[in-house]
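Since the structure comes first, as structure tokens, the remarks are kept for the end.
Bear in mind that the values here come from a model prediction, so they are computed numbers and not experimental data.
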Amino acid sequence: LSLKFGDIDNLKGLVIRFLLTTSYYQLSVQNWFSLHRLQLLYNHSVQATFNATRIYAPSSYSYHCDRVSSLQRYDALLVPSSANDVSKLWEVTFIDFQIQGFNIQEGHFAYAKDCASFFSPAILMGLVMSLILLLVLAYALHMLIHLKSLDRHYECKASPAYFVQMKDNDMGDEKEPLRSSGNESYELRNQQFCKIYI
């Protein structure tokens, strides 16, 4: 696949050539295409060659990536073909890159396989937050399971300091009758408080 730009400034006959290959993989039971190599030509000769890495898709799909570049800050999907090659002098970056080598219908791209990694920063942040929430939930459940109930651990003591006696001390009754509108009721003279041990 060749993109011909013609003369650009002092570059005479600039051409960007994409060398695509197709292979059949038994595991996926379908053909896949891959971008094997990228060549830059001007002045009617090859000036730079880059090997492409991780640029592939099923042959019935297209491949899409926000940036395909030879720069490390963009994940460097294009690598100079050799250490001594002049390709190292070139910096190539395609923005909103989409390519399909085979099975093109009506001049439109097919469904795109995107280059986004499974562990993108947003997905990693979501996984970390889920882990934190899971730990908080596990701690809360642990505290609920080990919560002690209040059963049969009482020690009751009299509290003469808090409640003053209403009648004479010689009355041994714990209750004193109260008169009101024909009903008989009792008032506790000896109040108690309880200490609860957990």
W32 side chain reached by P58 side chain, heavy atoms, under 4.5 Å: yes
Residues passing the side chain to side chain donor-acceptor pair (under 3.5 Å) test with S34, sequence neighbours excluded, are T21
Partners of N31 by side chain to side chain donor-acceptor pair (under 3.5 Å), sequence neighbours excluded? none
For S69, check side chain to side chain donor-acceptor pair (under 3.5 Å) against everything at least two apart and list the hits. T93
Classify the ring geometry of F33 against F102: parallel below 30°, tilted from 30° to 60°, perpendicular beyond 60°. perpendicular
Residues in side chain to side chain contact (heavy atoms under 4.5 Å, CB included) with S2, at least two apart? V15, R17
Under a 4.5 Å cut-off applied to non-hydrogen side-chain atoms, are L38 and T49 in contact? no
Examine the side chains of H64 and D96 and answer whether a donor and an acceptor come within less than 3.5 Å of each other. yes
Interatomic spacing from SG in C65 to CD1 in I55 - rounded to 0.5 Å: 7.5 Å
Tracing side-chain contacts under 4.5 Å among Ile, Leu, Val, Met, Phe, Trp and Tyr outward from V29 reaches Y24
Just checking, is any N or O donor in the side chain of Q98 or S62 under 3.5 Å from an acceptor N or O on the other one? yes
Taking the ring centre of each residue, are F94 and F18 less than 6.0 Å apart? yes
Rounded to the nearest 0.5 Å, how far apart are CG of L78 and CG of N51? 9.5 Å
Report the relative orientation of the aromatic rings in F97 and Y63; use parallel for angles under 30°, tilted for 30 to 60°, perpendicular for over 60°. perpendicular
List the residues meeting ring pair (Phe, Tyr, Trp, His ring centres under 6.0 Å) with H146, not counting sequence neighbours, and say none if there are none. H142
I'd like to know whether OH of Y111 has more than 12 heavy-atom contacts from other residues, nucleotides or ligands below 6.0 angstrom. no
Out of curiosity, R54 CZ to L35 CG, how far, rounded to the nearest 0.5 Å? 12.5 Å
